[in-house]
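In what follows, residues are counted from 1 in the order of the sequence shown. One-based numbering, in listed order, for ligands and for the atoms of each.
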Amino acid sequence: MTSTTPAAPATPAFPTGSVLGYPRIGPRRELKKALEAFWAGRTAADEVEAVAADLRRRTRARLAELGLATDAPAIPSAFSFYDHVLDTAALVGAVPARFADLQDADGRLDLAGYSTVARGRGDDLPLEMTKWFDTNYHYLVPEIGPGTAFRYASDRPVAEFAEALADGVLTRPVVVGPVTFLALAKPTEDAPAGFHPLDRLDDLLPVYARLLTELAAAGATWVQLDEPALVSDSIGVDAAVLAEATTRAYRALATELARPERPAILVAAPYGDLGAALPVLAATDVEGLAIDLVRGDAPTVAVPGLAGKTLVGGVVDGHNIWRADLDARLTVLEQLAGLGAAAVAVGTSTSLFHVPHTLDDEPALDRTLVQWLAFADEKVREVATLATGLTEGREAVRTELLAASDAVRSRATAPGVVRPEVRERAAALTDDQFRRGPFAARKAAQAERLRLPALPTTTIGSFPQTPEIRKARAAFGKGELSAAAYEDEMKAEIRRVVELQERIGLDVLVHGEPERNDMVQYFAENLDGFAVTQNGWVQSYGSRCTRPSILWGDVSRPAPITVAWTTYTQSLTDKPVKGMLTGPVTILAWSFVRDDQPLGDTANQVALALRDEIADLEAAGIGIVQVDEPALRELLPLREKDHAAYLDWSVRSFRLSTAGVRPDTQIHTHLCYSEFGEIMDAIDGLDADVTSIEAARSKMEILGDIAAAGYPRAVGPGVYDIHSPRVPSQAEVTELLTEAVRTIDVDQLWVNPDCGLKTRRYEEVTPSLEHLVEATRTVRATL
Ligand code: GLN
Ligand code: ZN
């Protein structure tokens, strides 16, 4: 092909098949282990670097073996030691003032400094953590103020690109785009009212420009800038503001900075439909756009500006584990060809870091189920197949297309996927099964029954999962420990946890959840319709991973699950013991859920199983049951137009699970985030008697919203941030509580940590809870 405009060099080749990102924690969680050893002081930073370099090398080799090109930038260079948003903050020198001493003269953080910004130190709180779009991944929220000094402060993206190139692989560096980076940031505390980090866009862009020129100099042909902020109405920035920022950002990076000074730019928009932001992006001079065609629909008419651009169709779901119907996906890709783009390529809808590495690592998983599934590696193969189909035609991949269609068909009719008795019960539900009596009467009946002091203290449920507990569970799982011996060990642990809570002086006790590997998997293992994996780890935040269960069939409860543990705990103490369950929405959110029926139908099946469990707890004399819904906010659709339908089914499923109880049974729920205001109506709709929420890091900000909304029921704003190893002082908790009592009716207040304690150590938990109880006593004395 000859170019008629010699001034504009031809766009470098873009591969027909690529993925937006890949798991970075390692198939055996190698990175987690290396990091945690480093943090514990057992190893040096060099060793973590070596593990990370080895992981990156193995990832490149694996992706090449699965069919991605190595001479065109199909393989993303998208590693992170902890979090890609933190990486971007480190890249642009945006380190909060309290950590400025960790930067060297050039603004760089070493691995220890980077870890400290993520995890906090002493009284210096870490960056706040929050959910990444509608996923169960959490990112660190950058703090940007008028004085933040942006500078090019990390050569990691360039070094990792060069490392791959030296290894013979031309990768595509992936960085969070400037608009999303600032849109997701929060203002520093000293920022004037009305300031938004996006106000600093013009100051930030030169750093991105520098990065792009450095990458080009190192030989990068394409770079991927992720701009998921553009698919969301839910980040608190007006669409018009985002559109203007997008235009300005990419004018600076793509127009004013011309190739070959920079690599070709692929802007990726995962997690949803770009909607009106698509023409905005198309009008920029970036060379490529990656759009999500799992959540979003392919545009049906040509989009001005697409001519000359590469359009990457994200047709393979990066966010769920079902095998794709390749034939249908290929049809979508063929439609894209009609939109006027210079080239169409195959991609994933999102990075693959939301799914486990590979099914090859799951020998124990049911073989029928396995043929319906695709984890990251299998998705890469799907991408490679579709790429072949796109370039060589359907015939070239006929066998693969047929096999995929067969799998989809066999799933629809397999035993367990549809169970008539489950369907019939759901179909017979009546409205009153979703409703409890008036709150005022419940409140009086509960006060009479429970007789709690003002500012009742409690925890969110789990206590530290000690190495001994993990060892016992693993031994039991392998059959090395008998069921009776395992039960004895768990009971001994429960006794210790009860004694500790009594000694500290908490008012409502928990059993500590020692028997639960994970709050969702535990229920999945005890309900029909679920499967669990052995190695299906997915990064949740930093070094933390979860192993989502697979909800593949109709759900029911073969037998009571928590009743024996809870009644045993109650037998040890005169204080009320709170039964502890995971709610239907969270069970769905943290599992990989069947995609062949509406989520609301699946949620109601789970809710009915939980309703039976609560009835059994109540019958066994338990007066308080907590149904955790930490993921209620997480599943909230990114587009406002979809909110009402979601909130309707999610709230209804919670109510279905809890509304069967007597007025004097107190229902608690726990929500693990601080954006309470936004879904206040839904939280009101849950109709829980007590709601605990995360609040410590945001310094109880959220209570103002709750008071302003006239929310009538009780709330327990977290006064102890359990996400960091830091022990809050008694004075600090007293201050938070004093603030709480000033903001909201003391009658409505409970005192608790932000979340469960299972990831912490007793050295941190014991003093923290002591401070919490002491602070409560201090504040009670002032009432
Ligand atoms: N009850 C659970 C626990 O304490 C709640 C955890 C959560 O909210 N993520 O571990
Ligand atoms: Zn929580």
I'd like a table of the close N/O pairs between ligand 1 and the protein (anything under 3.5 Å), one pair per line with both atom names and the distance.
unit_1, atom_1, unit_2, atom_2, d
ligand 1, 1 (N), I460, O, 3.0
ligand 1, 1 (N), E513, OE2, 2.9
ligand 1, 1 (N), D628, OD2, 2.6
ligand 1, 4 (O), I460, O, 3.3
ligand 1, 4 (O), S462, N, 2.8
ligand 1, 4 (O), S462, OG, 3.1
ligand 1, 8 (O), H670, NE2, 3.0
ligand 1, 10 (O), S462, OG, 2.7
ligand 1, 10 (O), K758, NZ, 3.3

Scan side-chain atoms only and decide if [X] and [Y] contain a donor-acceptor pair under the 3.5 Å cut-off.
X	Y	answer
H511	E513	no
K758	Q465	no
S556	Q605	no

Under-4.0 Å salt bridge between D689 and R442:
yes
Check this for me, if you would: do R473 and E468 make a salt bridge, where the nitrogen-to-carboxylate-oxygen distance has to be below 4.0 angstrom?
no
Validation row, ring centre W537 to ring centre H357 under 6.0 Å:
no
Main-chain N/O of D664 paired with R449 side-chain donor or acceptor, under 3.5 Å:
yes
For the pair R544 (side chain) and T759 (backbone), establish whether a donor and an acceptor sit closer than 3.5 Å, ignoring hydrogens and angles.
yes
Name the orientation class of the two ring planes belonging to F353 and Y137 (parallel below 30°, tilted from 30 to 60°, perpendicular beyond 60°).
perpendicular
If you leave out waters, which protein N, O or S atoms are less than 2.8 Å from the Zn ion (ligand 2)?
H670 NE2, C672 SG, C755 SG
